[in-house]
Visitor: 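Structure below; questions to follow.
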Amino acid sequence: MEKEKGLPECPVETTLMLISNKWKVLILRDLMPGTKRFGELKKSVGNVSQKVLTAQLRDMEDSGLVNRKVYAEVPPRVEYSLTELGKSLKPILDAMWTWGENYKTHNNE
């Protein structure tokens, strides 16, 4: 069952809907420290195509997680940063980091 705006009934499913893509989680991770330009973000995220990164950023902007600021310069400069809503995902990313570290420790013995 879905509520208004097409959001799932389950809050966990809503969170997954917003960040379940591998690239979205890495974008969140790399924007947590602060604003980045597109090229910086592409390098820091890793082996992602420009097309996929652009699509993920647009989706995250539509969801209210990312701000996109375009400067009227030649060539145009575009910067991305997290909104307050995006920043509120930090505890989730921190928990994922901790869990991943524990998993690696227990499976490298």
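All figures in this text were calculated on a predicted structure; none of them were measured in a lab. When a residue number appears, it is its place in the shown sequence, counting from 1.
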Visitor: Please determine whether a side-chain nitrogen of the Lys or Arg among Lys90 and Asp94 lies less than 4.0 Å from a carboxylate oxygen of the Asp or Glu.
Guide: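 Salt bridge: yes.
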Visitor: Charged N to carboxylate O under 4.0 angstrom, Glu61 versus Arg58?
Guide: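 Salt bridge flag = no for Arg58 with Glu61.
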Visitor: Indicate, with yes or no, if Trp97 and Leu82 share a hydrophobic cluster defined by side-chain heavy-atom contacts under 4.5 Å among Ile, Leu, Val, Met, Phe, Trp and Tyr.
Guide: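 Leu82 and Trp97: separate clusters.
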Visitor: Looking at CG of Leu57 and CZ of Phe38, how far apart are the two atoms once the value is rounded to the nearest 0.5 Å?
Guide: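 Here the interatomic distance stands at 6.5 Å.
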Visitor: Does any non-hydrogen side-chain atom of Lys69 lie less than 4.5 Å from one of Ser81?
Guide: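 Of all side-chain heavy-atom pairs linking Lys69 with Ser81, none is under 4.5 Å.
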Visitor: Output the distance between atom NZ (Lys22) and atom CD1 (Ile27), rounded to the nearest 0.5 Å.
Guide: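 Reported value, rounded in 0.5 Å steps: 11.5 Å.
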Visitor: Mind checking the CD-OG spacing from Glu13 to Ser20? Nearest 0.5 Å is all I need.
Guide: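 These two atoms lie 10.0 Å from each other.
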Visitor: Roughly how far apart are Leu26 CG and Asn47 CG, rounded to 0.5 Å?
Guide: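 Leu26 CG to Asn47 CG: 11.5 Å, rounded to 0.5 Å.
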Visitor: Given the rule that I, L, V, M, F, W and Y join up when any side-chain heavy atoms are under 4.5 Å apart, are Val12 and Val25 in one cluster?
Guide: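 No, no single cluster joins them.
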Visitor: Any pair with a residue in residues 27-46 that passes side chain to side chain donor-acceptor pair (under 3.5 Å), sequence neighbours left out, goes on the list, sorted by first then second residue, please.
Guide: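 Passing the test, one end in residues 27-46: Asp30-Ser44.
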Visitor: Go through the steps for Val66 and Thr83 under the test side chain to side chain contact (heavy atoms under 4.5 Å, CB included), then give the verdict.
Guide: CA-CA 5 Å; Val66 170; Thr83 62; 5.7 Å; no
Visitor: Would one find more than 12 heavy atoms of other residues, nucleotides or ligands at under 6.0 Å from atom CD of Glu73?
Guide: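 Correct, the count exceeds 12.
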Visitor: Working to the nearest 0.5 angstrom, can you tell me the gap between Thr54 OG1 and Arg68 CZ?
Guide: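 CZ of Arg68 is found 8.5 Å from OG1 of Thr54.
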Visitor: Val70 and Tyr80: same hydrophobic cluster, using ILVMFWY side-chain contacts below 4.5 Å?
Guide: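 Cluster IDs for Val70 and Tyr80 match.
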Visitor: When hydrophobic residues are tied together by side-chain contacts of less than 4.5 Å, even through go-betweens, does Leu16 share a cluster with Leu85?
Guide: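 No.
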Visitor: With distance as the sole test, does Asp59 use its side chain to make a donor-acceptor pair with the main-chain N or O of Ala55 at under 3.5 Å?
Guide: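 Looks like no, no N/O pair under 3.5 Å.
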Visitor: Looking at CG of Leu41 and CD of Glu79, how far apart are the two atoms once the value is rounded to the nearest 0.5 Å?
Guide: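 Result: 11.5 Å between the selected atoms.
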Visitor: Is Ser63 reaching over with its side chain to a backbone N or O of Leu18, donor-acceptor style, under 3.5 angstrom?
Guide: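 A pair under 3.5 Å: no.
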Visitor: Compare all side-chain heavy atoms of Val45 with those of Trp23 and state whether any distance is below 4.5 angstrom.
Guide: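 Yes. Closest side-chain heavy atoms under 4.5 Å.
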